[in-house]
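A short worksheet on the structure shown next.
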Amino acid sequence: MGVSSIAKTPEQVALILAVASLSVGILGCIAASVAGDFIVFFAFVEVTSISMFFVLALALISSVYPRRVKPEGVFFCGLGKPPYVYEEEVYQPRLPLLGERFDESLEGYYDRRAVKVER
Amino acid sequence: MAWPAVPVLLLFASAALSYAAGRMHRVFSYYTAAALFSAALAVNSALFFIEPVAAYPTIYGIHLNTASLFVAEFTIAIGLLSCIYSYSYMSHEQRIGEYYLLLSLFVATLALMALSFNILLIYASFEASTVAGGILILFSRRRSSVRAALRFFAMSILGALIILAGILLQHKLTGSFLLSPELFKHVPYSMRVLLSCIYAIGFGVKVGVFPFGLVWLPPAHSEAPTPVSALLSGVMVQVAAFAVARAALVITPLSWEVGLLIIILGVASTISGALLAAVEAVAGSKWSRFHVGEVHIRGIKRIWAFSTVSEVGYLYIFTGLALIFSKISTIFLAGFLLHMLNHGMAKALLFYDSGVVIKLRKVEDLNLLQGLGLRLGPHLLTYLIAGFSLSLIPGTMGFLTWRELSSLASPPLWLAALVAAAFTFIACLYSWKDCFLGKPKVKVEYLKPLEHLKPSLSIPSILLAAVLVVLGVALTIGSLHANPTPFCEAVEKFMAEAARGVYSMGG
């Protein structure tokens with residue numbers, strides 16, 4: 001069972017890396033504590049620390065400030081051939097780390113599938 | 001034998017196995033996590049009751065004493081209840097394996113933080129719990145939950161950098177990362193004060209104390225799925241406060257400068273958090289602010305998130321008092337641990353009950369809520385029990401917080417506590433009224449029939465309410481009586497031992 005069978009999107013690969021570094025770091029800290037090896041202990045603290053910066057920098061910031069597509073960048077004065085915009089160029093925000101679409105029905109703090117609100 | 005690490009390792013096993021089980025069937029994931037959480041709780045309890053605590057070895061900073069065990073026990077117990085609650089609450093969740101994996105890791109790292117006297121290990125656990133907790137917030141699948149998680153991470157990194165500066169200073173001063181009073185004996189007083197202040201502020205970011213807490217805590221705790229909110233508010237911030245108390249009391253056992261700073265932060269938190277909780281309950285996020293959603297709401301979970309900022313303030317006040325009045329620090333540290341127990345249980349219970357309302361009505365905004373009336377069942381009562389306990393009302397565990405606080409503290413502190421308790425009481429009654437009899441402020445049509453109340457949603461609330469009532473009544477009666485009851489005496493003795501264990505490895 002490889003990483004590709006677990007992770008289907010780049011966000012899920014980021015999740016696996018974050019959780020793996022977190023787990024290895026903390027378990028390593030415990031093991032190095034028991035063994036009493038300070039250098040190894042310090043190294044595992046660093047591994048744990050990296051997981052937090054990794055999650056913030058690679059997954060969350062890129063999600064909140066996603067790459068925007070400039071329409072003029074893909075417009076060729078009508079001379080272009082379809083598809084004019086490739087699927088990956090379209091702005092399709094996904095949940096960071098989970099790699100799934102946002103649940104639009106929950107955005108208003110109620111479930112639109114179960115409640116109808118007229119403001 | 002590394003006995004102290006066994007409960008934590010069982011929680012790590014829960015992370016791996018519940019994820020693997022979740023790939024087969026979602027129910028297997030739940031049962032695996034629940035079984036291993038129960039095993040971790042059983043082993044931790046066994047360490048507590050069977051063997052004399054002082055007999056356990058110190059493994060490079062992982063150390064078992066009464067205080068560490070108490071906090072770890074409490075952490076794992078709330079973790080288990082959240083695990084049970086998740087069975088129904090997260091029934092729609094497709095990625096249940098990942099959810100239980102992260103939940104287990106979150107609780108494991110918090111328990112490890114409580115068990116450690118090594119500042120570097122506390123720091124690593126702090127960061128690991130941030131990663132697991134932050135990702136869990138995203139399971140709400142809203143855009144606002146991503147913004148909340150980002151704030152949570154950004155503020156945690158700020159806190160981590162401050163702590164890192166403290167760790168480097170500590171190593172320069174003592175040549176060690178251990179929090180042991182002997183190591184600090186020959187360090188100049190001014191440097192010890194500086195180090196304590198750095199830790200109080202660095203961990204204060206994670207504790208959610210004023211002013212840092214208002215930035216990240218209300219969004220993060222209210223945007224997370226409810227079982228995670230219960231852990232964030234009921235456990236995480238308190239374990240961080242425990243780390244502050246431990247570090248400050250080891251480094252500066254008697255210091256009015258550090259004590260005063262911590263008390264000021266605590267009082268500001270206590271009043272501002274409770275005031276904003278009441279404002280949220282009455283007027284909503286338009287007035288209380290600190291909201292990351294695209295529409296203004298009167299969020300039921302936001303009320304209790306603001307209240308957490310207030311409650312951690314009490315923990316800071318107790319820590320500050322213990323630093324200033326070091327000869328009777330045991331009284332204040334016992335108050336610290338009792339308030340931790342009270343707030344942890346009551347806040348988890350309030351979030352669980354809020355989650356029941358959300359699950360049944362599919363609405364988080366009190367402005368859209370049609371009161372559930374008697375269909376709320378036992379939650380009508382459990383919600384009030386928890387709210388009253390946070391309002392320091394006699395007969396509840398909250399009264400013990402008041403008793404310890406008023407045993408010596410000055411009238412300004414009593415007044416701050418009373419004002420905060422009054423605001424919390426208003427928030428509780430106002431939100432309870434809306435859950436029970438509320439009328440939507442705009443035209444709302446419910447498209448689906450009301451779901452039945454699932455037992456796994458009610459069991460954690462009923463258990464917590466029962467413990468709050470039994471302990472609250474027994475200890476209030478015992479403490480008011482001229483001759484304390486044997487139960488009350490046993491609790492007092494245990495708390496005194498645990499209080500010493502906050503800062504001493506021998507306790």
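So you know, we letter chains A, B, ... as the sequences are listed, proteins then strands, and number each from 1.
Between A/Leu97 atom CG and B/Ile135 atom CD1 the span is 5.0 Å, to the nearest 0.5 Å. Note that the CZ atom of B/Arg143 and the CD atom of A/Glu107 stand 5.0 Å from one another [nearest 0.5 Å]. Note that the CG atom of A/Asp111 and the OH atom of B/Tyr446 stand 11.5 Å from one another [nearest 0.5 Å]. One finds the CG atom of B/Leu9 at 5.0 Å from the CD1 atom of A/Ile30 (value rounded to the nearest 0.5 Å). Note that the OG atom of B/Ser140 and the CG atom of A/Asp103 stand 10.0 Å from one another [nearest 0.5 Å]. Taken from CZ in B/Phe126 to OG in A/Ser49, the straight-line distance is 10.5 Å, to the nearest 0.5 Å.
Only the side chain of B/Ala160 comes within contact range of chain A, with heavy atoms under 4.5 Å apart. Contact annotation for A/Leu15: only side-chain heavy atoms (C-beta onward) come within less than 4.5 Å of a heavy atom of chain B. With a threshold of 4.5 angstrom between heavy atoms, B/Phe139 approaches chain A through its backbone and through its side chain. Contacts between A/Glu46 and chain B at a heavy-atom distance below 4.5 Å are absent for every atom of the residue. With a 4.5 angstrom heavy-atom cutoff, A/Val115 touches chain B via backbone and side-chain atoms both. Both the backbone and the side chain of A/Leu106 come within contact range of chain B, judged by heavy atoms closer than 4.5 Å. Residue B/Leu102 touches chain A through its side chain alone, counting heavy-atom pairs closer than 4.5 Å.
For the residue pair B/Glu127 / A/Thr48, no side-chain donor-acceptor distance below 3.5 Å is found, with atom types taken as modelled. For the residue pair A/Tyr109/B/Glu223, the side-chain donor-acceptor check at 3.5 Å is satisfied.
Ranked by heavy-atom pairs under 4.5 Å with chain A, the first of B/Thr109, B/Leu105, B/Leu369, B/Leu120 is B/Leu120. Between chain B and the options A/Leu95, A/Val45, A/Leu98, the largest number of non-hydrogen pairs under 4.5 Å is found for A/Leu98. Among B/Ile157, B/Asp365, B/Val295, the residue with the largest count of heavy-atom pairs under 4.5 Å with chain A is B/Ile157. Interface remark: of the candidates B/Leu368, B/Thr130, B/Leu101, B/Val8, B/Leu368 forms the most heavy-atom pairs closer than 4.5 Å to chain A. Here B/Arg142 is the residue among B/Gln94, B/Lys448, B/Arg142, B/Lys362 with the most heavy-atom pairs under 4.5 Å with chain A. Per-residue counts of heavy-atom pairs under 4.5 Å with chain A were compared for B/Val442, B/Leu150, B/Asn367; the largest is that of B/Leu150. Taking chain B as the reference chain and counting heavy-atom pairs below 4.5 Å, the highest number among A/Gly108, A/Cys29, A/Pro96 is found for A/Pro96.
Shown here is A/Lys116, whose NZ atom has no more than 12 heavy atoms of other residues, nucleotides or ligands within 6.0 Å. Surrounding CZ of A/Phe42 are at most 12 heavy atoms belonging to other residues, nucleotides or ligands under 6.0 Å away. Within a 6.0 Å radius of NE2 in B/His92, more than 12 heavy atoms belonging to other residues, nucleotides or ligands are found.
Taking the six-membered ring for Trp, A/Phe38 and B/Phe177 have ring centres closer than 6.0 Å.
Contact record, B/Val131 with A/Ser51: CG2-OG, 3.6 Å, taken as the closest heavy-atom pair. Of all non-hydrogen atoms in B/Leu138 and A/Leu60, the two that sit nearest each other are CD2-CD2, 4.3 Å. Heavy-atom minimum distance, B/Ala154 versus A/Leu56: N-CD1, 4.2 Å. B/Ala128 approaches A/Ile26 most closely through the heavy-atom pair CB-CG1, 3.5 Å.
Looking only at distances, no side-chain donor or acceptor of B/Glu445 sits under 3.5 Å from a matching main-chain atom of A/Val117.
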Practice problem: Report the C-alpha separation of B/Leu121 and A/Ser33 in whole Å, then their side-chain angles, then the decisive distance to 0.1 Å, and conclude whether the side-chain contact (heavy atoms from CB on, under 4.5 Å) test is met. | Solution: CA-CA 9 Å; B/Leu121 192 56; A/Ser33 298; 4.2 Å; yes
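Geometrically, B/Arg141 does not engage A/Phe102 in a cation-pi contact, judged by NZ or CZ lying under 6.0 Å from the ring centre and within 45° of the ring axis.
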